[in-house]
Amino acid sequence: MRLSGILLLAASSALALTVPRGVTGSAASDSRCAITTPASAFRTTDAQVFFWFQAASVRTGEKLAVEWVNPGGVVAATANYDQLPAAPSLCFLTQLPIAGFEAASMPGKWTVRVIVNRAVLHQRTFAIEGDPAGAGFRITKVTHQEGGLLVEGAGLMAAARLHLAAYTKNAGWQYIAELFPETQEAARLTVKYDNAWKPGEYLVYLRAGNGVLSQPARFQVSSGGTYRLPVRAGERWIFTQGPRGSTHFGNTSQAYDIAPLNGRCIVAMRAGVAHAFDKGERQCFGCRSYGNYITIDHQDGDYSHYGHLKSGTFLVRTGQKVEQGQPLAIVGNSGYTLGAGGGYHLHVQVTRGFHIASQSVPFRFDDLRVPRGVFTSANGRPDADCGRPEANPTMISGSKDRTLNGPSREGAVAVADWWNGELPIPPGTRQLEVRLSWEGAEQEMDLHLVSPAGRHYGWYGVNSGYSGQASKPEEFQIPNPEAGRWRVSVQGMKGTGELMPFRIQSGMTRAR
């Protein structure tokens, strides 16, 4: 009995981690790590099934895996979480894509389960309901071409019309148009669609004259930019997650995660103008953050973003022009990261908006035909190293907890609107500090200052001494400011529709 008790205690200790809760759903909020629409049944045209679960009593270095098991009992997809931090509770949100993926062709009862030390700690079942597709009526390939689409498959003579939808963050697959075939054969058909195609992810399915549906098929319209791998030539890295991966959905649906094998140096995928956001962040499991990151404006509507970088290693400044292959910073694990090697990896994506949290769009690596597995980059010169790191000169830190002794103001602003106020600066002021703070976790605002002579301070103006766009709070430290009445402006950037309250604080140091 004593030996049995010792063995039982050892087994209990080995499985200290528990998973008390888990939920599946058709919609989720990544920022809140929550299922917003619980569900246990899904259609083949649904974008994905989400799985949320909570892990409790997590110890340092523990590992767990999420397995998606198809109706035949085979593990169809896996998400691995290695080197977890010690925490009373951790929240996880993962997905299995359905429409246009293998899961859509396997209707029936599915299981998602959490595995720790080969033991199943939690599992949920859900159903993928099959469409009444006729035998031999299917799509194998969709090609976007000038003026429309080429659809290849089998039994296509039976198709009476084609349905087209686009992927959106909030609405999943959003219906666009019903199209009739222009040309039609048993193995291929074409449809005409002259509307402007935006970079994004699209879905089609066919409907026969008797109402029978084909399985859905996906295709993408990629950005026209010429992108290369974002790591230094000669270094070996590995793709750990691609578009529509286990944690890439919503705005990050077209992102890539890339982890180092014998490398560390991040380089520019394409030439442009850099914007550096070294916020001094470290790894943070309780936040949904990209950590320290660099955005490159390619000045044709495309922006590339490089997330989870190591603080203090930035080699480019805001406003600096960079060339393709130019070193940017060192890989890190800042912000929300989980995974092998303590989470060290690069998150990279392309958007059509300046903010890193904008909707990602498909893009191609011109120097790697199939972006998966282990690869060796050839981007840039092999002798171009991240070298001696230097702190980002636009970064300020350590000031947000200090009390500022100048005037303060409170106000509120809506998304895309401006609030303006004035701040008198007396002669002889040696340093000016201005801080913008707000409470809403899902809100973003920008701080702008204009001197009496009309000099603009902000992310697209003078940014020396600026904490950086997307920092919270945002603040400026300006030495020897011009005396007179300064304009202080707040722009609402992101919110949920209501007025967003904020506070402006200021501090001044006078010359003795």
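We use all heavy atoms of the structure for the numbers below, so side chains are in, but hydrogens, waters and symmetry mates are not.
A donor atom on one side chain and an acceptor atom on the other are found under 3.5 Å apart for N333 and Q283. In summary, the side chains of Q349 and T252 do not present any donor paired with an acceptor at a separation below 3.5 Å, with no hydrogens or angles considered. Using modelled atom types and a 3.5 Å distance limit, the side chains of Q220 and Q254 yield a donor-acceptor pair. At a cut-off of 3.5 Å, with distance as the only test, no side-chain donor of T240 or D257 sits close to an acceptor on the other residue. In the model, T247 has a side-chain atom that pairs as donor or acceptor with a side-chain atom of Q241 under 3.5 Å. Side-chain contact of H305 with T295: a donor-acceptor pair under 3.5 Å is present, judged by distance alone. Looking only at atom types and distance, the side chain of Y306 has a donor-acceptor partner in the side chain of S304 under 3.5 Å away. E474 and S467 share no donor-acceptor pair across their side chains, judged by distance under 3.5 Å alone.
A salt bridge links R228 with D367: at least one charged nitrogen is closer than 4.0 Å to a carboxylate oxygen.
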Applying side-chain hydrogen bond (donor to acceptor under 3.5 Å, both in side chains), run through S289 and E281 and close with a yes or a no. CA-CA 9 Å; S289 167; E281 286 196 24; 3.0 Å; yes

Test log, rule side chain to side chain contact (heavy atoms under 4.5 Å, CB included), inputs V273 and Q299: CA-CA 8 Å; V273 177; Q299 300 184 305; 3.6 Å; yes

For Y290 and H347: C-alpha separation, side-chain torsions, deciding distance, then whether ring pair (Phe, Tyr, Trp, His ring centres under 6.0 Å) applies. CA-CA 8 Å; Y290 297 97; H347 174 99; 5.3 Å; yes

With side chain to side chain contact (heavy atoms under 4.5 Å, CB included) as the test, would you mind laying out the steps for T351 and V361 before giving the verdict? CA-CA 6 Å; T351 69; V361 299; 5.9 Å; no

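Heavy-atom minimum distance, H298 versus A271: ND1-O, 2.8 Å. Shortest non-hydrogen contact noted between L229 and S377 is CB-OG, 3.9 Å. Contact between L203 and P216 at its shortest, heavy atoms only, is CD1-CB, 3.3 Å. Residues G272 and I296 share a closest heavy-atom pair of CA-CG2, 3.7 Å.
Here the straight-line distance linking atom CZ of F314 with atom CD of Q320 works out to 12.5 Å at 0.5 Å rounding. In this structure, the separation between CH2 on W237 and OG1 on T376 is 12.0 Å, given to the nearest 0.5 Å. How far CG of L328 is from CZ of R232: 13.5 Å, rounded to the nearest 0.5 Å. To the nearest 0.5 Å, the span separating CD on Q215 from CE on M106 amounts to 11.5 Å. The NE2 atom of H448 lies 9.5 Å from the CG atom of L436; values are rounded to the nearest 0.5 Å. Here the CH2 atom belonging to W197 is positioned 10.0 Å from the CD atom belonging to Q145, to the nearest 0.5 angstrom.
Environment of CD in E102: sparse, with no more than 12 heavy atoms of neighbouring residues, nucleotides or ligands closer than 6.0 Å.
A cation-pi arrangement is present between R270 and Y227, with the terminal nitrogen or guanidinium carbon under 6.0 Å from the aromatic centre and inside a 45° cone about the axis. For the pair R244 and Y167, the cation sits on the ring face: its NZ or CZ lies under 6.0 Å from the ring centre, inside 45° of the axis.
The only option from Y81, Y336, W52 that meets the ring-ring contact (aromatic ring centres under 6.0 Å, His included) definition with F92 turns out to be Y81.
Ring planes of F53 and F51: parallel class, angle under 30° (limits at 30 and 60°). The aromatic rings of H275 and F277 sit parallel, their planes meeting at an angle under 30°, below the 60° perpendicular limit. Taking the six-membered ring where the residue is Trp, Y175 and H163 present tilted rings, their angle falling between 30° and 60°. Ring pair F219/Y202 is parallel by interplanar angle, where below 30° counts as parallel and above 60° as perpendicular.
Within the 3.5 Å criterion, the main-chain N or O of L206 finds a donor-acceptor partner in the side chain of S214. Listed for the T36 side chain is no donor-acceptor partner under 3.5 Å among the backbone atoms of S29. Remark: the backbone N or O of L189 is not paired with any side-chain donor or acceptor of T183 at under 3.5 angstrom.
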